[in-house]
Amino acid sequence: MVQFNRKNLLGLEELTAEEIELILDTADSFKEISERPIKKVPALRGVTIANLFYEPSTRTRMSFELAEKRLSADTVNFSKATSAVVKGESLRDTAENIQAMKVDVVVMRHSSSGAHRFLSEFLDASIVNAGDGQHEHPTQALLDMMTLRQRWGGFEGKRVTIIGDIMHSRVARSNIWGLTKMGAEVTVCGPTTMMPPMIEQLGEGGITVEYDIRRAIAEADAINILRIQLERQKSRLFPSLQEYFDVYGVTLDVLEAAPREGIVMHPGPMNRGVEIAQEVADGDRAVILEQVTNGVAVRMAVLFLIAGGKTEGDEPAS
Ligand code: CP
């Protein structure tokens, strides 16, 4: 039987296919807890979790908090704007102070790629990556994969096209690692200015790069549309939002080029009318809110496997 013996979740690059499968299986078993009248199990009773968000977040932050509460963990929240960071305190000092308060798990979002690996070198607490710069967003990819697996049953032979700002996307990187490890084929599509060099070598066995949106989705079983991250662009990488929409926006017309009836996904927050048309975002093929629902179960699974899964007597769902 596969064991999850990791102290931290820093990214999907470092996980095996068996470990990813274990997280998805555990998330499947946790999902029904959120359907109960009393949405709570004692699996992480006595565990203290600090949520450190150095960047804004709606979905990730709320679903980690809900996951923690549904597993009966004790939680504390930190946001950059209301912390001593504004007085100049460093990441290391902040983290060591939080650890001095005997926190067991640190869930962190940070704008610097590698911030979590840096902390993992000196913190005793477990670290869960809730998004680091342009590097990885592992729980987002896991919830995307949970949503796909619920539809497909597995990943072998399935094709996923990721469209948009690949350059700045930690969601793309984590999805590429996770999906290729599980046997899916990945194509990325976007303007050349948003395509990082050597992206075709990323993932297990590499991926396909396509610049024409209709060709990119022609064989897709799922289309994952990324947000244009204007806040991370040091210079404008396309002439105007309207021109981006005209060339790379996913509209109903564009979707007609996908005869395999590909599922439409978006990690959120969406820029409607920029990377995705209103009718597509709210259309029959979209599973965007299903992704959000699965996010709570995936985060419950990750926290349980890291902080509680090895405790004798704990069961995933009771
Ligand atoms: N998908 C995602 O990470 O959304 P938030 O920025 O709202 O957490």
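Numbering starts at 1 and runs along the sequence shown. Whatever order the structure lists ligands and atoms in, that order sets their numbers, starting from 1.
- Ligand 1 lies out of reach of Met62, whose nearest heavy atom is not under 4.0 Å from it.
- For the residue pair Ser34 and Arg70, a side-chain donor N or O sits within less than 3.5 Å of a side-chain acceptor on the partner.
- Heavy-atom proximity to atom 6 (O) of ligand 1, evaluated over Met270, Arg109, Glu55, is greatest for Arg109.
- The distance from ligand 1 to the heavy atoms of Thr60 drops below 4.0 Å at these ligand atoms: 2 (C), 3 (O), 4 (O), 5 (P), 8 (O).
- Distances below 4.0 Å separate heavy atoms of Gly268 from the following atoms of ligand 1: 1 (N), 2 (C), 4 (O).
- Taking every heavy atom of Gln140 and a limit of under 4.0 angstrom, the matching atoms of ligand 1 come to 1 (N), 2 (C).
- Relative to the ring axis of Phe53, Arg109 does not place its NZ or CZ within 45° and under 6.0 Å from the centre.
- Residue Pro269 has no N or O atom closer than 3.5 Å to an N or O atom of ligand 1.
- Of the N and O atoms on the side chains of His266 and Arg227, not one donor lies less than 3.5 Å from an acceptor on the other residue.
- Closest to atom 4 (O) of ligand 1, if we only count protein heavy atoms, is Arg59 NE, 3.0 Å.
- Ranking protein heavy atoms by distance to atom 1 (N) of ligand 1, first place goes to Pro267 O, 2.8 Å.
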- Could you go through the salt bridge (Lys or Arg N to Asp or Glu O under 4.0 Å) check for Lys102 and Asp74 one step at a time? CA-CA 12 Å; Lys102 307 299 174 198; Asp74 297 315; over 6 Å; no
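- Of the charged side-chain nitrogens involved, at least one lies within less than 4.0 Å of a carboxylate oxygen, so that Arg170 and Glu55 count as a salt-bridged pair.
- Annotation for ligand 1: atoms under 4.0 Å from non-hydrogen atoms of Thr58 are 5 (P), 7 (O), 8 (O).
- With 3.5 Å as the limit, one finds no donor-acceptor pair spanning the side chains of Glu290 and Asn294.
- When only interatomic distances are considered, the shortest N/O to N/O separation between Arg61 and ligand 1 does not fall below 3.5 Å.
- Between the side chains of Ser174 and Glu136, at least one donor-acceptor pair of N or O atoms lies under 3.5 Å.
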